[in-house]
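Comments concern the structure below.
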Amino acid sequence: MKAGGIYWQKLGKDIRRDYQLYLLLIPAVLLIAFFHYAPMWGIQIAFRDFKPSLGILDSKWVGLKHFRRFLKSPNMLQLVGNTLTLSVLGVLIAFPLKIFLALVLNELRNPGYKKVVQTVTYAPYFISYTILIAIVNIMFDQNIGVLTHLFQALGANANDCLTSSKAFPWMYVCSGMWQQTGYGAIIFMAALAGVDVSLHEAAMIDGASRLQRIWHINLPGILPTITIMFILTMGNLMSVGHEKALLMQNALNLEASELVSTYVYKIGLQKTQYSLSTAVSLINSAVNVVIMLTTNWIVKKMGQVSAI
Amino acid sequence: MSIVIKKKTAHIASRDDLLVDGAALFISLLAMIIVLYPLIFVISASVSEPMEVVRGNVRLFPKGFTLEGYQRILEYQPIWRGYRNSIFYTLSKVVISLFATLSAAYALSRKNLRGRGFITFYFMLTMFISAGLIPTYLQVQRYGMLNTVWPIILMGTVSMHNLVVVRTYYTSSIPYELSEAAFIDGCSDIKLFLKIILPLAKPVIAVIALNVAVAEWNAYFTPMIYLNDSKLYPLQVHLRNILIMGQTQDFMGSDPEELADMVRLQQLRESMKYGLIIVSTIPLLVVYPFLQRFFAKGVMMGSIKG
């Protein structure tokens, strides 16, 4: 009792002493409260048949009806499959390319030229999705698309890249590579700059060739960075955003371009099935949380290992 | 004997050197061509005779020369209104983000803050769970903020990621002795924050400001769902309607007025398409090389999480 009293006294004193710190926290706390936590009240509509005219609390409680409806629908597997296809393709192709570009840039001797290459390859990162997709549409246009003609010259049929389900994952991942490889390489460049020079000197004395040094010194040197980035990428496996996919969608490629996130948007805001949309996004968030917690846990474990 | 071996390895090393040099040069040139070609094509197409473009005669350099497309863009009011709106949204969002993030991160950097763990958790939880699209939309509706600028400039202004970046900068790059000395001289927290911490935090302020600015300048989705009035649209929403939606058949309205609008947009689109890409992208691409070091720094800062 007495100890408790002292505790509260001390707490009061600390708060009075540091009131200015709490003042500084207010804007951020309020912004988060209004736009992150307050909306969570509405998550319950996933368990109701929400009708805007009735309001949240007066809409009928239906339990897991919407969850069951989505999990049983044939759409579900397709949406999850499409989402996974994009992220797995990204991990398999786009991710190694970033490392590769960093290794190549690291071998350039002229610092001025190196800077130019970096600046140029980094630039598309600043282009918006709308412009990116507009450019993709121009490059793959049936009549004037330069890439369409190029692929045709190489003997491939590229007439319907923009409107085919088969091509969509490649279009999505490759346009992403065009936009993000230079940006993604930066972190590996920095890691390469930290590789011990004396290792290279020792290897040179031993007669190691440059390729051997890249393979046996540079690559292992940045392996911890690669591992962390890889795990972080895996953490986003199910959270492929809707912004870019929505811009690339059309009636003809929908079979491959409808993702969980675009589906949530469409049934929610376009077809106003508020409850179903909320249920789907709730399932997706739950899966995301599990994946993210797992990856965070792995990163932490690894951090301990590398610290030793 | 030993001299011979040395010579031999030196010879091999240099040939191998040249090979790697050549490969690196080739690959880097290829990378630049791949990145630059589409941009050069768009620039060329934007000043070429439209007929030459439609026939597919433009490959690298302009064919014919006309600024008609740019003329059309200059005359097309919605674009310039969108431009103004985008500048306004971007600036507002940067100011609000900085204000909320810098001050909160300062409080979180102070070890004597009671409830620091809980408050950190309060911010961190937003990384893992969010209400989702529809509940957020309905909440904004309840606030009466649909079709106003408020959700555009207030949502997403505070993120755990930015808080951690700034807080880490405060604690790792600004010596604590400085604060201690100020406290002994009777300086209050807010005064210390404004007079000592902020002037020393310029690099991290630049990083946050630039990242928020680029993200907002390029955002189309949030404005698209929260705004109905086209007078409030930022540039990116116009770009989407003209460049992307003009192409697909998805949004043929039944409303005759809307249909007439579509036909007009279609004609405008063809003539303005290329110039529009240039006009909306060039400002950023021109400014960015000079700010590049801040962006690169931002990537680094983001990666060293506390």
Side-chain angles (χ1 to χ4, degrees), chain A residues 11 14-15 18 20-21 24-25 27-28 31-32 35-36 38-40 42-43 45 101 104-105 107-109 117 119-121 123-124 126-128 130-131 133-135 137-139 143-144 146 178 186-187 190 207 209-211 243 247 250-251 264-265 268-269 274 277-278 281-282 285 289 292, chain B residues 9 13 16-17 20 24 27-28 31-32 35-36 38 41-42 56 99-100 103-104 106-107 110 112-114 123 126 128-136 138-139 154-155 157-158 188-190 214 218 220-221 225 236 239-240 243-244 247-248 277 280-281 284-285 288-289 292 296 299-300 303:
Chain A
L11 182 71
D14 280 352
I15 290 177
D18 293 332
Q20 292 195 334
L21 292 181
L24 289 172
L25 278 166
L31 281 166
I32 293 287
F35 291 103
H36 270 278
M40 284 182 194
I43 290 178
I45 66 172
L101 182 68
V104 169
L105 288 178
E107 294 305 316
L108 296 174
R109 286 167 190 266
V117 181
T119 307
V120 169
T121 52
F126 296 96
I127 291 175
S128 69
T130 46
I131 297 295
I133 303 309
I135 292 176
N137 289 346
I138 290 168
M139 288 290 121
N143 303 316
I144 66 155
V146 176
W178 184 78
I186 292 176
I187 187 111
S209 72
R210 229 163 122 192
L211 269 178
E243 275 98 342
L247 296 172
N250 48 54
V264 166
Y265 161 67
L269 286 180
Y274 293 136
S277 170
T278 308
S281 89
L282 200 59
S285 319
V289 169
M292 273 166 74
Chain B
T9 52
D16 174 83
D17 251 21
V20 174
I27 295 168
S28 59
M32 287 205 289
V35 166
L36 286 177
F41 176 86
V42 171
F99 175 67
S103 51
Y106 171 71
R110 293 290 310 281
N112 57 315
L113 178 76
R114 276 290 189 128
F123 289 119
T126 60
F128 294 100
I129 52 172
S130 77
L133 185 68
I134 298 301
T136 308
L138 293 175
Q139 188 68 27
L154 291 179
M155 279 169 76
T157 43
V158 179
S188 71
D189 271 310
I190 288 183
V214 171
N218 285 339
Y220 85 90
F221 188 75
I225 62 173
Q236 296 298 334
L239 292 177
R240 170 183 175 271
L243 296 173
I244 312 282
Q247 194 149 33
T248 57
I277 293 175
S280 61
T281 312
L284 218 55
L285 289 186
Y288 128 79
Q292 194 188 7
V299 177
M300 298 299 108
S303 63

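In what follows, chains carry the letters A, B, and so on, assigned in the order in which the sequence lines appear, proteins first and then strands, with residues in each chain numbered from 1.
A heavy-atom distance below 4.5 Å is found between the side chains of Ile131(A) and Leu239(B). Phe35(A) places none of its side-chain heavy atoms less than 4.5 Å from the side chain of Thr126(B). The shortest distance between side-chain heavy atoms of Arg114(B) and Leu11(A) falls below 4.5 Å.
With a 4.5 Å cut-off on non-hydrogen atoms, Ile133(A) touches chain B through its backbone and its side chain both. Proximity to chain B (any heavy atom under 4.5 Å) is restricted, for Met139(A), to the side chain, taken from C-beta onward. Both the backbone and the side chain of Val117(A) come within less than 4.5 Å of a heavy atom of chain B. Using a 4.5 Å cut-off between heavy atoms, Ser188(B) touches chain A through backbone and side chain atoms alike. Contacts between Tyr220(B) and chain A at a heavy-atom distance below 4.5 Å involve the side chain alone, from C-beta outward. Contact of Ser281(A) with chain B is made through the side chain alone, with heavy-atom distances under 4.5 Å. Both the backbone and the side chain of Ile32(A) come within contact range of chain B, each with at least one heavy atom under 4.5 Å from a heavy atom of that chain. Contacts of Leu138(B) with chain A are made by side-chain atoms alone, with heavy-atom separations under 4.5 Å and no backbone atom involved. For Ile190(B), the parts sitting under 4.5 Å from any heavy atom of chain A are the backbone and the side chain alike.
Interatomic distance, CG of Leu113(B) versus CG of Leu24(A), reported as 10.0 Å (0.5 Å rounding). Summarising the geometry, atom CG belonging to Leu269(A) is positioned 5.5 Å from atom CD1 belonging to Ile225(B); distances are rounded to the nearest 0.5 Å. Rounding to the nearest 0.5 Å places CG of Leu285(B) at 5.5 Å from CD1 of Ile127(A). Atom CG of Asp18(A) and atom CG of Asn112(B) lie 4.5 Å apart (nearest 0.5 Å).
Side-chain atoms of Arg210(A) come within 3.5 Å of backbone atoms of Asp17(B) as a donor-acceptor pair (strictly under, hydrogens ignored). Counting only distance, with no hydrogens or angles, the side chain of Glu107(A) and the backbone of Ala24(B) share no donor-acceptor pair below 3.5 Å.
Shown here for Thr136(B) and Pro39(A), the closest heavy-atom pair between the two residues is CA-CB, 3.7 Å.
Comparing Ser103(B), Ala107(B), Ser130(B) by how many heavy-atom pairs each has under 4.5 Å with chain A, the most go to Ser103(B).
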